[in-house]
Amino acid sequence: MSQPSPGRPGRTTGVHENIHSVVRRIPSGRVATYGQVAAFEGSCTPRMVGYAMASIPSGSDVPWHRVINSKGTISLSPGSDGQQFQRAMLESEGVVFDERGRVDLKLFGWNGPGLKRG
DNA sequence: AGATTGACTGCAT
DNA sequence: CATGCAGCCAATC
């Protein structure tokens, strides 16, 4: 796998790559919050995650649609193309949305690669 | 070089 | 549930 950033976890730049890698680890049918991704990445903040998401080009292999905010809702504006795409994509993976467009994080929330069934 | 922004989070009111 | 405030730090102008 390409590793554009050298083995320096303390590096500030290149956070996108790290975040993208973490997002890529989110299994299908699961969603993770920005805070979770940030916490799992280990050295970035939710802000950086959101920024990295916006930096993901279309066609990327990063399942950015599996990243939502702590409220279990899609951060993008409701009605926006990206928002509709994200919701449609999640539903297609088995994620169920509430009538108000919310996801139950305790059902579909990603617990990290350490958790396998439960 | 400084100022502004941003797909966030958490707590208080 | 809406609003306000503080913390976070890279990207952008």
Side-chain angles (χ1 to χ4, degrees):
Chain A
M1 319 312 222
S2 349
Q3 199 68 4
S5 51
R8 268 305 288 294
R11 188 149 162 158
T12 47
T13 52
V15 287
H16 292 177
E17 303 297 333
N18 290 326
I19 293 169
H20 294 171
S21 297
V22 175
V23 175
R24 257 205 224 79
R25 296 167 71 104
I26 303 176
S28 172
R30 285 266 201 303
V31 295
T33 70
Y34 291 83
Q36 280 184 299
V37 176
F40 188 73
E41 198 282 340
S43 199
C44 75
T45 61
R47 271 259 125 94
M48 306 292 90
V49 179
Y51 203 95
M53 298 290 96
S55 182
I56 295 175
S58 32
S60 180
D61 56 335
V62 181
W64 60 270
H65 55 261
R66 293 184 190 141
V67 184
I68 59 180
N69 64 26
S70 63
K71 293 199 272 276
T73 63
I74 296 175
S75 303
L76 294 170
S77 296
S80 199
D81 290 350
Q83 192 272 358
Q84 292 195 351
F85 173 81
Q86 180 166 9
R87 173 167 176 166
M89 185 54 90
L90 290 173
E91 289 184 312
S92 139
E93 298 195 347
V95 179
V96 179
F97 278 77
D98 191 293
E99 36 197 300
R100 296 213 283 97
R102 291 199 318 196
V103 178
D104 196 335
L105 293 175
K106 54 182 188 296
L107 291 179
F108 302 102
W110 184 43
N111 301 264
L115 176 82
K116 304 203 173 138
R117 63 198 165 221

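A, B, ... follow the sequence lines: proteins, then strands. Residue 1 opens every chain.
- Following rounding to the nearest Å, A:Ile19 (CD1) and C:dC9 (C1') show an atom-to-atom distance of 11 Å.
- In this structure, CE in A:Met53 is found 12.5 Å from CD1 in A:Ile68, a value given to the nearest 0.5 Å.
- Under the 30°/60° scheme for interplanar angles, the aromatic rings of A:His65 and A:Phe85 are found to stand perpendicular.
- Within 6.0 Å of atom CG in A:Asp81, 12 or fewer heavy atoms from other residues, nucleotides or ligands are found, so the atom counts as exposed in its surroundings.
- Residue A:Asn18 contributes atom CG, which lies 12 Å from atom P of C:dA10 at whole-angstrom precision.
- Note: CE (A:Met48) to C1' (B:dT9) measures 13 Å, nearest angstrom.
- A cation-pi contact, defined as under 6.0 Å to the ring centre and within 45° of the axis, links A:Arg87 to A:Phe97.
- In this structure, the CE atom of A:Met53 is 12 Å from the P atom of B:dT9, given to the nearest Å.
- None of A:Val49, A:Thr45, A:Ile19 except one satisfies the side-chain contact (heavy atoms from CB on, under 4.5 Å) rule with A:Tyr34; the exception is A:Val49.
- In this entry the distance linking NE2 of A:His16 with P of C:dA10 reads 10 Å, nearest Å.
- Remark: A:Asp98 does not engage A:Arg100 in a salt bridge, criterion side-chain N to carboxylate O under 4.0 Å.
- Look at CG on A:Leu105: it is 10 Å from P on B:dT9, rounded to the nearest Å.
- Interface residues of residues 85-93 of chain A facing DNA chain C, ordered by number: none; criterion, heavy-atom separation under 4.0 Å.
- Under a 4.0 Å N-O distance rule, the pair A:Arg66/A:Glu93 qualifies as a salt bridge.
- The side chain of A:Ala54 lies closest to B:dA7, out of B:dT9, C:dC8, B:dA7.
- As rounded to whole Å, 8 Å separates atom P of C:dA2 from atom CZ of A:Arg100.
- Remark: the backbone N or O of A:Ser21 is not paired with any side-chain donor or acceptor of A:Glu41 at under 3.5 angstrom.
- No donor-acceptor contact under 3.5 Å links the side chain of A:Tyr51 to the base of B:dA7.
- Side-chain contact between A:Ser77 and A:Gln83: absent, with no pair of heavy atoms (C-beta onward) separated by less than 4.5 Å.
- For the pair A:Thr45 and A:Arg102, nearest-nucleotide mapping onto DNA chain C gives the more 5' position to A:Arg102.
- A:Ile56 places its CD1 atom 10 Å from the C1' atom of B:dA7, with the value rounded to the nearest Å.
- Listed by residue number, A:Trp64, A:Asn69, A:Ser70, A:Ser75, A:Leu76 are the residues of residues 61-77 of chain A with a heavy-atom contact under 4.0 Å to DNA chain B.
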